[in-house]
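Down below is the structure, laid out as structure tokens.
All heavy atoms count here, side chains included; hydrogens, waters and symmetry mates do not. In what follows, chains carry the letters A, B, and so on, assigned in the order in which the sequence lines appear, proteins first and then strands, with residues in each chain numbered from 1.
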Amino acid sequence: MLIENPEVRDAAASGLIETDVVIIGAGPVGLFAVFELGLLDIRSHVVDILDKVGGQCAELYPEKPIYDIPGLPVVTGQQLTDQLMEQIKPFSPTFHLGERIDVLVREGDRFRLVTDAGNAFLTKVVVIAAGGGSFTPKRPPLEGIEAFEGTSVFYSVRRMDDFRDRDILVVGGGDSALDWTLNLQPIARSMTLLHRRDDFRAAPHSVEQMRRLVADGNMRLAIGQVTALEGENGELRQVKIKTKDGEEELKIDRVLPFFGLTMKLGPIADWGLNLEENLIPVDTEKFETSEPRIFAIGDINWYPGKLKLILSGFHEAALMAQRAHAYIYPDKKLLFQYTTSSSSLQKKLGVK
Amino acid sequence: MAKITFIQPDGSTQVVEAKAGITVMEAAKMNDVPGIEAECGGACACATCHVYVDPQWKAATGAPAEMEEDMLDFAFDVREESRLCCQIKVTDALDGLVVRVPAKQF
């Protein structure tokens with residue numbers, strides 16, 4: 001059962017969007033759901049934790065080829081994303097990127113959804129197309145790291161002031177690591193960048209800038225890995241690192257590890273839905289969850305015979321839309337039509 | 001066919017048979033070798049199939065390509081002999097290969 005929670009309602013008083021459907025996840029299946037719903041006159045709001053659309057296709061394998069999309073012998077993750085965006089353009093969805101739905105509560109026959117940025121939706125239907133869950137920063141498997149998170153160890157920088165006059169250790173070799181090294185160095189008491197090799201994925205000009213700071217004695221570059229964090233009550237005192245010269249102790253009170261993203265189910269687990277091994281069981285007629293009006297499509301759902309293929313998610317989106325229509329327009333009869341021949345569908349698509 | 005030995009952090013071993021042409025990651029997944037997660041399914045996009053190749057087999061398995069090196073930045077406790085085993089193709093020449101599974105895949 002989903003709980004009604006008035007506190008949540010009050011907390012989310014800023015900017016309320018009333019809508020027919022909120023799609024959680026802007027991966028290929030979430031994007032195609034916009035299309036199928038759009039054909040049935042249902043306009044979508046789409047929320048995704050990433051700062052871009054495409055989900056895993058865009059984040060994990062933008063340049064890798066996919067060979068099993070019907071009609072496209074080979075397409076890369078990014079191309080597929082771009083094509084889907086082109087295909088759904090006529091339905092002008094609203095994207096809310098870089099936000100995660102943290103709260104979902106039922107309010108009568110609608111749902112209130114609140115994002116981590118405090119935006120709220122009041123919607124008739126929810127479509128969970130969250131794939132492998134939300135992308136979250138990888139936590140280095142260092143003993144006791146949890147105790148320092150949010151006080152001394154941060155995976156992103158929300159307020160630069162938290163880092164002012166601190167002894168900062170940035171770990172990693174990509175753009176995030178280099179950008180924050182350069183941005184925080186001027187306000188830090190000391191800045192150390194630690195990377196496992198003397199070779200960086202980050203943009204060459206940032207690497208060059210970093211090397212200049214090192215050469216001028218304004219920061220340190222260490223090649224190696226973190227082995228232990230030491231401190232009390234969430235306050236970091238020192239960090240042990242291993243370099244080719246052996247173990248070393250650094251006086252550090254802020255660590256920013258950048259080891260990429262991993263997928264975690266996240267808040268979906270708290271929404272009162274039936275879950276089986278982190279997947280959401282659905283029926284195979286409507287792809288509805290244990291809660292009426294909440295659907296789950298794509299990699300996140302489970303039913304007998306489920307295959308985690310993009311093409312299966314597309315099919316699921318089409319069937320979901322039929323049932324969503326009945327909820328959103330209970331008095332309208334739905335006439336099954338083909339885009340090839342239906343002038344009303346073609347009008348919606350803007351091709352007529 | 002090649003026999004591949006996976007050694008767990010606790011020292012236990014598992015020998016699996018792998019057909020030439022598949023990857024060491026696929027051989028591990030087919031035989032339910034613990035500790036090989038392969039979250040991305042073999043796209044060299046996640047670094048959760050990290051292994052340490054036995055030093056004796058380092059030459060036979062070769063060095064990681066640039067893309068794999070980049071992805072190894074996302075693995076934990078990376079060493080000289082670190083590889084992402086989705087990027088090691090099984091050949092008959094790898095019969096007897098020994099790899100160690102790290103304590104954690106992140």
Side-chain angles (χ1 to χ4, degrees), chain A residues 55-68 76-77 131-133 135-143 145 171-178 193-202 223-228 241-242 244 257-264 278 299 307-310, chain B residues 8-10 21-23 25-26 28-30 32 34-53 55 58 61-89 100-106:
Chain A
Q56 291 181 50
C57 284
E59 177 62 30
L60 290 184
Y61 46 91
E63 282 149 35
K64 304 240 163 72
I66 310 170
Y67 299 101
D68 61 351
T76 67
F135 277 98
T136 42
K138 280 190 187 175
R139 161 192 285 165
L142 292 164
E143 216 184 294
I145 189 168
V171 191
D175 280 316
S176 308
L178 269 286
L193 173 65
L194 177 68
H195 186 42
R196 72 170 186 94
R197 53 179 178 142
D198 198 4
D199 214 342
F200 295 83
R201 303 183 312 284
I223 305 302
Q225 315 189 44
V226 179
T227 53
I241 66 166
K242 195 171 72 185
K244 63 173 175 22
F258 292 107
F259 285 95
L261 302 172
T262 185
M263 288 170 286
K264 289 254 158 42
N278 281 346
D299 284 1
L307 286 180
K308 287 189 184 186
L309 293 177
I310 293 171
Chain B
Q8 293 294 329
D10 67 1
I22 70 168
T23 68
M25 180 278 282
E26 288 168 324
K29 294 301 280 182
M30 278 182 224
D32 299 315
I36 303 294
E37 286 167 24
E39 216 174 67
C40 78
C44 194
C46 74
T48 59
C49 67
H50 177 205
V51 295
Y52 305 117
V53 173
K58 216 176 156 236
T61 48
E66 195 188 332
M67 179 174 72
E68 187 184 339
E69 275 288 1
D70 282 353
M71 203 41 65
L72 274 168
D73 285 352
F74 296 133
F76 191 72
D77 196 6
V78 178
R79 304 174 194 169
E80 266 298 283
E81 58 275 20
S82 285
R83 290 292 309 269
L84 297 179
C85 64
C86 72
Q87 300 301 305
I88 306 176
K89 270 245 156 61
R100 285 178 178 76
V101 180
K104 275 172 182 166
Q105 290 285 6
F106 244 99

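In this structure, chain B has a heavy atom under 4.5 Å from the side chain of A:R196, while its backbone stays farther away. No part of B:A103 comes within reach of chain A, as not one of its non-hydrogen atoms sits under 4.5 angstrom from that chain. Both the backbone and the side chain of A:T262 have a heavy atom closer than 4.5 Å to some heavy atom of chain B.
Here CG of A:L261 is found 8.0 Å from CZ of B:F74. Values are rounded to the nearest 0.5 Å.
Heavy-atom neighbours of chain A within the stretch residues 62-71 of chain B, taken at a separation under 4.5 angstrom, comprise B:M67, B:E69, B:D70.
For the pair A:R197/B:L72, no side-chain contact is recorded, criterion being any heavy-atom separation below 4.5 Å from C-beta on. Using a 4.5 Å heavy-atom cutoff, the side chains of A:K242 and B:D77 are in contact. Contact of the A:F200 side chain with the B:D73 side chain is not registered, since no non-hydrogen atoms from C-beta on lie closer than 4.5 Å.
Across A:K138, A:K64, A:E59, the residue that shares the most heavy-atom pairs under 4.5 angstrom with chain B is A:K138. For chain B, the option among A:G132, A:G260, A:G172 with the highest count of heavy-atom pairs below 4.5 Å is A:G260.
Residues satisfying the ring-ring contact (aromatic ring centres under 6.0 Å, His included) criterion with A:F259, sequence neighbours excluded, are B:F106.
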